Amino acid sequence: MDYQFKDIEERWQKFWASNKTFKTNTTSEKPKYYVLDMFPYPSGAGLHVGHPLGYIASDIFARYKRLKGFNVLHPMGYDSFGLPAEQYAIQTGQHPAITTESNINTYRKQLDRIGFSFDWDREVRTSDAGYYKWTQWIFMQLFNSWYNIDADKAEPISTLIEKFSTSGTLNVNAVSDDDTIDFQPSDWANYSETQKQEILLKYRLTYLKESTVNWCAALGTVLANDEVKDGFSERGGHPVEQKKMMQWSMRITAYADRLLQGLDTVDWPDPVKEMQKNWIGKSVGASVRFKLNENDALSSELSSQQIEVFTTRIDTIYGVSFLVLAPEHELVSKITTPAQKADVENYIEQTKKKSELDRMADTKSTSGAFTGSYAINPLNGELVPIWIADYVLAGYGTGAVMGVPSGDQRDWLFATKFNLPIQQISDAQVDLNIQADPTKEGKYINSGIINGMDYSAAVATLNQWIEENNVGKAKVNFRMRDAIFGRQRYWGEPIPVYFNDGLPYLIDEEELPLLLPEVDKYLPTETGEPPLARAKDWSYSANKYSYELSTMPGWAGSSWYWFRYMDADNNQAFASKEAIDYWKNVDLYIGGSEHATGHLLYSRFWNKFLKDLGYTQEEEPFKKLINQGMIQGRSNFVYRVADANGKPTNTYVSHGLKAQYNCTAIHVDVNMVVNDQLNIQQFRNWREEFKTAEFILEDGKYICGVEVEKMSKSKYNVVNPDDLIERYGADTLRMYEMFLGPLEQSKPWNTNGIEGVFKFLRKFWKLFHDNEFNFVVSNHEPTKAELKALHKIIKKVQDDIERFSFNTSVSSFMIAVNELTDLKCNKRAILKDLVVILSPYAPHICEELWVLLGEEAGKLSYAQFPMFNPEYLVEDSFSYPVSINGKMRLNLNLSLNLDAKEVESIVLADENVQKYLEGAIPKKVIFVKGRIINIVI
RNA sequence: GCUCAGAUGGUGGAACUGGUAGACACGCAGGACUUAAAAUCCUGUGCCCUCAACAGGCGUGCGGGUUCGAUUCCCGCUCUGAGUACCA
């Protein structure tokens, strides 16, 4: 019997499932290793060939680690709350839970066919009540915590209340959205319950606040910053506008510095670290207050107002020649003089008209308007005009900047356009008539107290001065905002909060989970309330209080799920202490880079928070991260010829000849195309309209055009893994996905080469079988050549897997099996090791051969990865080409002492060369891996 | 604009710390087996000159440099992809 992959794979998948071969125990003498995949959202379309790429890689690594003697945790689950199921529910009325369940079943079937070694007993689903009970529980912990800056960690809110009642705000150094709070312990005692709760809400790590949010009308919900791309929603591409709303937020900004510092401790791809760094956007500088100058047009009350600016270049403050406010800045209307009123209002009007996109596209032109007012530079008392311009953003820093044309190119352009002075403040030789000098070189001139200083001295001096004179202070600013947490949607975790007197309170912990109620429709109510408002008899404490109606965002459930896998069925805790102490954190995490500023950042935040409260041990959740590349679709086209009148005919011209015709490209299903050659019969049967299709061929073939696009149904370029498994088997699919190229690289899918991998597996199978397909192995001692072939592959595969270069190890397998086939090697000792080495890649065929070799079924996964012995790889002949002075390449017979790394004598094979070298003394002999490569004379 | 990644045959890609560039696979061409096809096996395959062989020349986006030796290191440029965007 030939290699019967279907039979083999079905049999072993059944065996693994019923014997729970990959069940992992938490207590083990072995060292632990945690291999995690980013769990999928179970969409209705099922898996295409790109999805399992990362899963195959992680499965290979998990299996390899088991062979290396580790206790490996390798689980899988579903991120099953989310928008598509809800959108589908709105259209069809079907409960999202039903859609989700059926999608999960499809996913599971598809995953099972690939032969992963997941421990399915640990499966999690974020939409299960048993799971989201703990998502809600973590929310409650966040609500009940504040961030103590002195301790640099989160603490229970009770310690804050303690401080308030003993010493008021005096000893409180906390992250809060209001740094003006100031009271005595006696005040605290006299505050009403409502007042107390209002104050505490400003410190809680999850809090309710009126804030500007990204509102997506089409989706009927708010979105987080990372869910908005260029002014449109990431899912669906609907327009997003800014809107003020009462919203739940997560105080992730409290962790900004730790999130930044932690990046230095993890083994992650640089681009992802870079993205997170930019997203957090730390900038060190100073905040300075400019007093307004008294002015006839302004009331004296206003002249006591100040404009606060944030700058990273306090050292250039003597060069300030104007201030700029964002058009939305609250002071704009107050400080605009009557003479300038029309100008300013006109400018604000223009700014409003510009859409978000226009504003981003138009970064070149400089625009602005003068308010007519002046501020006073606190350092030199000079008057500086106050302008407004849309290059200053209301949402960043203080919404106001100081303009220094000599030190900042944008300020320089602004000054040049509006004829504002450009003051030189550095002795660096730069012509300020041409451009600004943003460098920090040179000594300061025309700069009062910092004249003659260099950059760092100037910054230190000025920071001290502004603090002493109470006009500002050194400050660190972050670009990152707190994360909006509420969503006006149905299919998400209910927020475990009820309202009393307009203030939020947590429900009793005993009442978790707060179940998602049933509703008649999944749309907002007529009055614009979220869908949960439709729930009947859904309120807290015997109808006394109403529940929070928004639900949690998609990222809530995925921000802690790796802990749940450690102890998936626990009903008393999100995971037991023993399980967390043993598994600690994820050693290897594989997933797409699209989660760089979303999931990966939120997960690190929650991980740090849970650590602060003492529930977990590790500061970082994912030690090593690998981003698998995206698999793109490779679309094929046929070219329909139009007749003289431009009317389409039913004739199609091959790609190479299309220039001679007037034709249009039509997507054709890639599954009817092999090596870009169209299967004409299949095409005719594809659709009724093609039944009578005629073809203009080249060399008797119809060649299709090719384009790389996103893989999608509408482009007919989706390749389904099930079809390939049907034809070639799961082992071939697994190996081929790895063979395709480096894991991290994005690439278009191309099925063309899969035959090569399939042929390899057949060849491998045949090594163990004679021509009549009988299983035959010999018990003879292996020869040196056979051992060499074996140990070469042991070393190669081990090195390749350790550095996640799976594509090259597949190639090495092919070489090894070719060598052993040439040697007609069917020796048990060699083949047994070969099966072990190959099993992470092609587990089914290896399991089959393992048993045929007389070993116990199911034990292959825990066999020992063979030890590499370098002795087998030593060269025994020293006749090979060597170059002289890196130039000519000659065959030499050498006699040398390898230990001494010196040539004892050189015997030249060629007389001519001997002549050439006569009398020359080798200056240097270059060895590489014990071989002479080059002789320098 | 900024940041990062990349550019190697007809194609996907190898070459791990500089050391015989093009492994391995696809495709293509030729051959064996077959009535035939499929499957399988064998041979060839970077480009140029050459009937062919020997030999030679050119070759890792482009231009320089370091080195006995550069796909690999350095400088400058071109192009492609990704991220980000007036962040003060």
Side-chain angles (χ1 to χ4, degrees), chain A residues 2 229-230 269-275 277-279 281-283 285 309-313 316 323-324 326 359-367 389-393 395-404 407-411 413-414 477-480 593-594 596-597 627 629-630 674-677 706 708 735-736 739-742 744-757 759-760 762-763 766 796 799-800 802-803 805 807-816 818 880-887 889 922-929 931-937:
Chain A
D2 202 353
K229 290 259 168 337
D230 300 335
D270 286 334
V272 174
K273 287 191 186 183
E274 192 69 25
M275 275 193 249
K277 256 179 220 164
N278 292 339
W279 187 263
K282 181 180 184 172
S283 46
V309 302
F310 175 74
T311 178
T312 54
R313 291 298 302 274
T316 63
L323 295 189
V324 189
R359 210 165 146 169
M360 279 193 288
D362 182 25
T363 60
K364 291 261 155 30
S365 68
T366 306
S367 67
D390 64 3
Y391 81 81
V392 177
L393 306 175
Y396 183 75
T398 59
V401 304
M402 59 186 216
V404 185
D408 183 288
Q409 186 59 21
R410 216 179 31 225
D411 293 346
L413 286 169
F414 196 82
N477 216 7
F478 291 96
R479 196 190 81 110
M480 184 168 66
S593 58
E594 66 273 19
T597 51
N627 294 128
M630 250 236 292
V674 177
N675 288 326
D676 295 332
Q677 188 183 341
V706 178
V708 174
M735 290 194 94
Y736 184 59
F739 182 71
L740 217 48
E744 291 94 334
Q745 194 173 303
S746 285
K747 55 220 158 218
W749 177 265
N750 191 342
T751 309
N752 287 349
I754 200 168
E755 295 274 352
V757 173
K759 274 190 226 166
F760 157 73
R762 279 224 315 237
K763 210 166 184 179
K766 282 186 182 166
K796 187 71 164 68
D799 291 352
D800 285 349
E802 298 279 357
R803 65 190 173 107
S805 176
N807 55 329
T808 51
S809 43
V810 176
S811 297
S812 307
F813 286 135
M814 295 180 179
I815 298 170
N818 278 338
Y880 50 79
V882 168
S883 57
I884 309 290
N885 278 351
K887 282 274 162 38
R889 218 170 287 129
K923 269 193 224 150
K924 207 164 137 196
V925 178
I926 291 137
F927 288 86
V928 174
K929 293 169 199 158
R931 290 176 55 144
I932 292 180
I933 288 292
N934 188 23
I935 297 170
V936 185
I937 54 169

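None of the values given here were measured: they were computed from a predicted structure.
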Exercise for review: Specify the residue among Arg479(A) and Glu274(A) whose closest nucleotide of RNA chain B lies further upstream toward the 5′ end.
Suggested key: Glu274(A)
Practice item. Identify, between Lys747(A) and Lys766(A), the residue whose nearest nucleotide on RNA chain B lies closer to the 5' end. Key: Lys747(A)
Review point. Is the closest side-chain heavy-atom distance between Asp411(A) and Met402(A) below 4.5 Å?
Key: no
Point to revise | Tyr736(A) (side chain) donor-acceptor with Gly753(A) (main chain) under 3.5 angstrom | key: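 Indeed, once roles are kept as given, a pair shorter than 3.5 Å links the two residues.
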Atom [atom1] of [X] and atom [atom2] of [Y]: how far apart are they, to the nearest 0.5 Å?
{"X": "Trp279(A)", "Y": "Arg479(A)", "atom1": "CH2", "atom2": "CZ", "result": "5.5 Å"}
{"X": "Leu740(A)", "Y": "Trp749(A)", "atom1": "CG", "atom2": "CH2", "result": "5.5 Å"}
{"X": "Ser809(A)", "Y": "Met735(A)", "atom1": "OG", "atom2": "CE", "result": "8.0 Å"}
{"X": "Lys763(A)", "Y": "Met814(A)", "atom1": "NZ", "atom2": "CE", "result": "10.0 Å"}

Rounded [atom1] spacing from [N] to [M] in Å:
{"N": "A21(B)", "M": "G56(B)", "atom1": "P", "answer": "14 Å"}
{"N": "A7(B)", "M": "G13(B)", "atom1": "P", "answer": "10 Å"}
{"N": "C28(B)", "M": "U11(B)", "atom1": "P", "answer": "15 Å"}
{"N": "G76(B)", "M": "C86(B)", "atom1": "C1'", "answer": "30 Å"}
{"N": "U84(B)", "M": "A14(B)", "atom1": "C1'", "answer": "34 Å"}
{"N": "U17(B)", "M": "G6(B)", "atom1": "P", "answer": "13 Å"}
{"N": "C33(B)", "M": "U43(B)", "atom1": "C1'", "answer": "15 Å"}
{"N": "G9(B)", "M": "C24(B)", "atom1": "C1'", "answer": "14 Å"}

Of all the heavy-atom pairs spanning [X] and [Y], show the shortest one and how long it is.
{"X": "Asn807(A)", "Y": "Pro742(A)", "answer": "ND2-N, 3.6 Å"}
{"X": "Ser283(A)", "Y": "Thr312(A)", "answer": "CB-CG2, 3.9 Å"}
{"X": "Val392(A)", "Y": "Ala400(A)", "answer": "CG1-N, 4.1 Å"}
{"X": "Ser811(A)", "Y": "Phe739(A)", "answer": "OG-CE1, 3.6 Å"}

Does [X] place a side-chain N or O at less than 4.0 Å from the phosphate oxygens OP1/OP2 of [N]?
{"X": "Tyr396(A)", "N": "A88(B)", "result": "yes"}
{"X": "Gln745(A)", "N": "A82(B)", "result": "no"}
{"X": "Arg762(A)", "N": "U40(B)", "result": "yes"}

Using both distances under 3.5 Å as the test, list the Watson-Crick or G-U wobble partner of [N], or none.
{"N": "A70(B)", "result": "none"}
{"N": "U40(B)", "result": "A32(B)"}
{"N": "G1(B)", "result": "U84(B)"}
{"N": "U11(B)", "result": "A25(B)"}
{"N": "A55(B)", "result": "none"}
{"N": "C77(B)", "result": "G61(B)"}

Rounded to whole angstroms, how far apart are [atom1] on [X] and [atom2] on [N]?
{"X": "Asn278(A)", "N": "A85(B)", "atom1": "CG", "atom2": "P", "answer": "9 Å"}
{"X": "Gln409(A)", "N": "A88(B)", "atom1": "CD", "atom2": "C1'", "answer": "14 Å"}
{"X": "Glu744(A)", "N": "A82(B)", "atom1": "CD", "atom2": "C1'", "answer": "15 Å"}
{"X": "Phe760(A)", "N": "A39(B)", "atom1": "CZ", "atom2": "P", "answer": "20 Å"}
{"X": "Asp408(A)", "N": "G1(B)", "atom1": "CG", "atom2": "C1'", "answer": "14 Å"}
{"X": "Lys796(A)", "N": "A14(B)", "atom1": "NZ", "atom2": "C1'", "answer": "8 Å"}
{"X": "Asn750(A)", "N": "G13(B)", "atom1": "CG", "atom2": "C1'", "answer": "12 Å"}
{"X": "Met275(A)", "N": "U3(B)", "atom1": "CE", "atom2": "C1'", "answer": "11 Å"}

Point to revise | Parallel, tilted or perpendicular, as decided by the 30° and 60° cut-offs, for the rings of Phe813(A) and Phe760(A) | key: parallel
Point to revise | Glycosidic class, syn or anti, of G56(B) using a 90° window around 0 | key: anti
Pairs under 3.5 Å (N/O, protein and nucleotides 5-7 of chain B):
none

Check your understanding: Base, sugar-phosphate alone, or nothing: which one does Arg803(A) contact when heavy atoms must sit under 4.0 Å apart?
Key -> sugar-phosphate
Exercise for review: Have a look at Pro742(A) and say if it touches a base, only the backbone sugar-phosphate, or nothing, with a 4.0 Å heavy-atom cut-off.
Suggested key: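 Answer is sugar-phosphate: Pro742(A) comes under 4.0 Å of backbone atoms only.
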Between protein and nucleic acid, restricted to nucleotides 22-29 of chain B and to nitrogen or oxygen atoms under 3.5 Å apart, what atom pairs and distances do you find?
from   : atom 1 : to        : atom 2 : distance (Å)
C26(B) : OP1    : Lys759(A) : NZ     : 3.1

Review point. Taking 4.0 angstrom as the limit, do Asp800(A) and Arg803(A) come out as a salt bridge?
Key: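 So Asp800(A) pairs with Arg803(A) through a salt bridge.
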